[in-house]
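Have a look at the structure below, then the notes.
Labels below follow one simple rule: chain letters A, B, ... track the order of the sequence lines, proteins then strands, and each chain is numbered from 1. Computation of the quantities below employed the complete heavy-atom set of this structure, encompassing side-chain atoms and omitting hydrogens, waters and symmetry-equivalent molecules.
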Amino acid sequence: MIIDLRRCDGCQSQNKPPLCTAACIEGHFVPDPMQWIEVYEPDLHGGGSQFVPTPCQQCQNAPCTNVCPVGATFATPEGVVLIDQERCIGCRICMAACPYDRRFFNWGDPPVPPEAMAMKYMPEHQTPAIKGTVMKCDFCPDMAGAGRLPYCAQACPNHAIYYGDLEEGIATNGDQVVDVNHFLAANAAYRLKEELGTEPRVFYIPGYGQKVGRSPFKRGRLATIWPWKKVAKGSETWTR
Amino acid sequence: MDAVTDRAWGVRLEDRALAPLSKTSWRYWVWIASLLVVIGWALFAYSYQLRHGLIVTGMRDRISWGMYILTFVFFIGISHAGTLLSAILRVFKARWQLSVTRMAEFITVVALMVGGLFPLIDMGRPDRILNLVWYGRWQSPLMWDVFAVLTYLCGSTIYLYLPLIPDFALCRDRLGPWAPAWKRWFFTAAAAGWTGTPRQRKALDRAMTVMMIVIIPVAVSVHTVISWIFAMTLRVPFNSTVFGAYFVAGAIFSGVAAIILLMAVLRKLMHLEEFITITQFRALGFVLGGMALVMVYFNLSEYVTSGYKMEAGVAFHFHDIMTGYLAPLFWFYIVGGLFVPVLIMALPWTRNIRGIVVAAGLVLAAMWIERYLIVVSGFRVPLMAYSARPYAPSWVEWSIFGGAAALFLLIISVFAKVFPMISVWEVMEHRGPEEVEVPAPATVTAPPRRVPVPVARSVETGSPQ
């Protein structure tokens, strides 16, 4: 995944909460208050800020899979790090190990809407959510298998999120197809916390939304909401 | 000292050591009942947690470990009391500690049993505990903990049992004719046919030497791998090479504090003033003071090396513990837990039993707080652009913690009624065979009886109360 920060304005121009997060929540029935792809707003030097949509970094040397005592979190042959919530024992050592704050725990009975209840559980889409287990962004392998982009990439109004295959070397944001190696090199791409040696598969093109006309000094984004949680009966939510 | 007073001394030792096994006052039952009430409440709290999930705790995604894991670390820490006293000091042929080794070994076993519950309590899905068997991965630090704690529990149980054998035999021989059948059966089985022949003594001696050597690396490895569930993560305060050694030192430190407190209490309750004297308190007090200095050293190594460079996360961590959210706890730990105990041991007029007990109490509290600081401060350092989350244990966590403390005391209290809390034969031997030994029997090959057994008194033990 390549996230072009030059195109991300935290959906300020849409006057909506970040749409990548919203689409992910809709598509996966992500329990409140989890944001599997979360738009952080770190400071820039000089008083401005940028928006950084942060999914699971899908590390090639993933600290979470290393520490799991039961192999409930694992990397698929394609390289996607998934969680089997039917095996997870809820020890949360993976949450201690993840340096990106990208793992979420079902502290109580997660809100599960009726249509999620009807789905057959698979680690590829983690629905319905199971109390006492860990969840996170799964890179939508079921969508990829069906030839579609992940919810976040589909929903981004500015086409900031590219999804593709590192081995094939191509990626697309739904608008255009890029040559991954050339695109990364030509735009000085970086990864989060590169120094930790986790080798993430999520790359960032530095920026603050300039390509979609955002001023770096226009701070703040609207808070994420979980619109469907009202229809989930008997559910509990908690704070991060 | 002549042989007559010496024999009287031995008789008193036996008397005092075995008295709790036969006599039980109403106060004991009140004490047991109140412990059971606390444990009952904790069971209710746990069932509440089982029903509602870990949402009833103060933990959340950004502080995903709290009271349970730190209490686990704390209890496994105080379990190092037994190893230090009965293995490390034995290797160095120290003998002053013999009258408290039994208590220390009990602390070890009971602390391991109670501490070992906490990872289970902390699990989101305790119903899937067997996944550790079906799908266990040895690459996981948590798995190392499982193996290390279980190995240590087995080893220290054997090491507790071995020196108990001659004392079980003593209990068996001293059972009166009216002793209940289960008692006779229990002590006979537990004594494993011990009669004190030279061959048996040699075998016991050899077994204890082997266990004494084996248990030391096991104990060190246990607390090292427990520190590694933290040190194997990429979080700034945990990401430290000194963590294993720091945890082992802290474990011995808190273990010594625990044994001082327990021996002070049992000394009063069992009237052991003659056998546990200022000698033991002062010696353990010096170990406590010495370990406090070791802890000061580890803190300096850790904080000076990371603080000098002040990386981004370190800066937050330092402000958090020294001037910020966790500062009161941190300074209580540093001042109350490290400097005051050293001061108490340094000044001759506070170096008495009362002072040493106060120091031990401070250390035990401070070491629990130190574990709290390590866990909570480590999770508080923000990983991404968010502000640090507060953590306060909920009533469920406090209840379960209280229940665990009560369970610890309950098991110790029950054991004190079933097992002699002083290693009678070792203390006797330490007194010197030429002084205590009963004049040799007629046959030369007969085992030397070091324990005087006045026949008239054998009726007391095991008589119905």
Side-chain angles (χ1 to χ4, degrees), chain A residues 33-35 38-43 49-52 54 59 63-72 74 84-110 130-135 192-193 195-198 236-240, chain B residues 49-66 68-69 119-120 122-146 228-230 232-236 238-239 311 313 375 378-379 382-387 389-390:
Chain A
M34 303 179 190
Q35 298 181 46
E38 185 163 355
V39 179
Y40 288 114
E41 188 183 2
D43 295 334
S49 71
Q50 61 176 163
F51 290 103
V52 182
T54 316
C59 306
C64 53
T65 60
N66 290 342
V67 297
C68 181
V70 294
F74 57 96
D84 183 351
Q85 278 91 7
E86 291 187 334
R87 185 186 285 193
C88 174
I89 59 172
C91 69
R92 310 191 298 293
I93 193 170
C94 56
M95 301 178 71
C98 177
Y100 300 101
D101 181 45
R102 289 299 78 205
R103 289 184 156 252
F104 310 85
F105 191 67
N106 283 303
W107 295 96
D109 269 313
I130 302 170
K131 179 169 106 174
T133 61
V134 177
M135 304 181 94
L192 296 182
K193 305 194 184 188
E195 72 280 6
L196 298 180
T198 51
E236 289 171 292
T237 58
W238 48 90
T239 55
R240 279 298 298 283
Chain B
Q49 175 182 307
L50 279 182
R51 246 177 303 138
H52 294 271
L54 289 168
I55 194 170
V56 301
T57 68
M59 296 182 283
R60 288 296 180 264
D61 286 344
R62 281 167 181 160
I63 301 205
S64 51
W65 278 344
Y68 298 145
I69 292 293
L120 305 183
D122 186 66
M123 278 169 67
R125 302 293 306 210
D127 53 315
R128 296 181 182 168
I129 181 70
L130 285 178
N131 281 9
L132 287 172
V133 180
W134 312 138
Y135 308 114
R137 293 174 71 243
W138 60 266
Q139 297 95 326
S140 166
L142 220 65
M143 216 57 189
W144 307 342
D145 273 17
V146 172
W228 285 352
I229 63 173
F230 303 105
M232 293 297 160
T233 69
L234 290 163
R235 288 173 188 261
V236 168
F238 296 161
N239 200 355
E311 291 175 62
V375 175
F379 279 93
L383 295 169
M384 305 295 288
Y386 60 80
S387 48
R389 199 185 176 282

Partner chain A: residue of B:Val56, B:Leu120, B:Thr233, B:Val133 with the largest heavy-atom pair count (under 4.5 Å): B:Thr233
Any side-chain donor-acceptor pair under 3.5 Å between A:Trp238 and B:Asp61? no
Less than 4.5 Å to any heavy atom of chain B: does that hold for the side chain of A:Pro42, its backbone, both, or neither? both
For A:Ser49, is it the side chain, the backbone, both or neither that has a heavy atom under 4.5 Å from a heavy atom of chain B? neither
Nearest 0.5 Å, please: how far is CH2 in A:Trp107 from CE in B:Met59? 5.0 Å
Where does A:Cys98 contact chain B at under 4.5 Å (heavy atoms): side chain, backbone, both or neither? backbone
Value rounded to 0.5 Å, distance of CZ in A:Arg102 from CE in B:Met384: 6.5 Å
Pair count under 4.5 Å, heavy atoms only, with chain B: among A:Gly132, A:Ala96, A:Gly108, A:Ala97, highest is A:Ala96
For A:Phe105 against B:Gly124, the heavy-atom pair lying closest together: CZ-CA, 3.7 Å
Please round to the nearest 0.5 Å and tell me the distance separating atom CZ of A:Arg87 and atom CH2 of B:Trp134. 12.5 Å
Minimal heavy-atom distance between B:Arg389 and A:Thr239, with the atoms involved, is NH2-OG1, 3.4 Å
Specify which of B:Ile229, B:Val146, B:Leu383 makes the most heavy-atom pairs with chain A at under 4.5 Å. B:Leu383
Less than 4.5 Å to any heavy atom of chain B: does that hold for the side chain of A:Glu195, its backbone, both, or neither? neither
Any side-chain heavy-atom pair from B:Arg137 and A:Pro69 closer than 4.5 angstrom? no
Nearest 0.5 angstrom please: A:Thr198 OG1 to B:Leu234 CG, how far? 7.5 Å
Just verifying a value: how many Å separate B:Arg62 CZ and A:Asp101 CG, rounded to the nearest 0.5 Å? 4.5 Å
For chain B, find which of A:Gly71, A:Cys88, A:Pro63 contributes the most heavy-atom pairs closer than 4.5 angstrom. A:Cys88
Taking B:Gln139, B:Met232, B:Arg235, B:Arg128 one by one, which has the highest count of heavy-atom pairs under 4.5 Å against chain A? B:Arg128
Measure the shortest side-chain to side-chain distance between B:Asp122 and A:Arg92 over non-hydrogen atoms and say whether it is less than 4.5 angstrom. yes
Bottom line for B:Leu130: the part with an atom under 4.5 Å from chain A's heavy atoms is neither
Hey, are the side chains of A:Met95 and B:Trp65 touching, using non-hydrogen atoms and a 4.5 Å cut-off? no
Any side-chain heavy-atom pair from A:Ile130 and B:Arg125 closer than 4.5 angstrom? yes
Is there a side-chain contact between A:Ile93 and B:Met143 in this structure, where contact means two heavy atoms from C-beta onward sitting under 4.5 Å apart? no
Determine whether a donor-acceptor pair (N or O, by modelled atom type, separation under 3.5 Å) exists between the side chain of B:Ser140 and the backbone of A:Val67. yes
For chain B, find which of A:Thr54, A:Asn66, A:Leu196 contributes the most heavy-atom pairs closer than 4.5 angstrom. A:Asn66
Is there a side-chain contact between A:Ile89 and B:Leu132 in this structure, where contact means two heavy atoms from C-beta onward sitting under 4.5 Å apart? yes
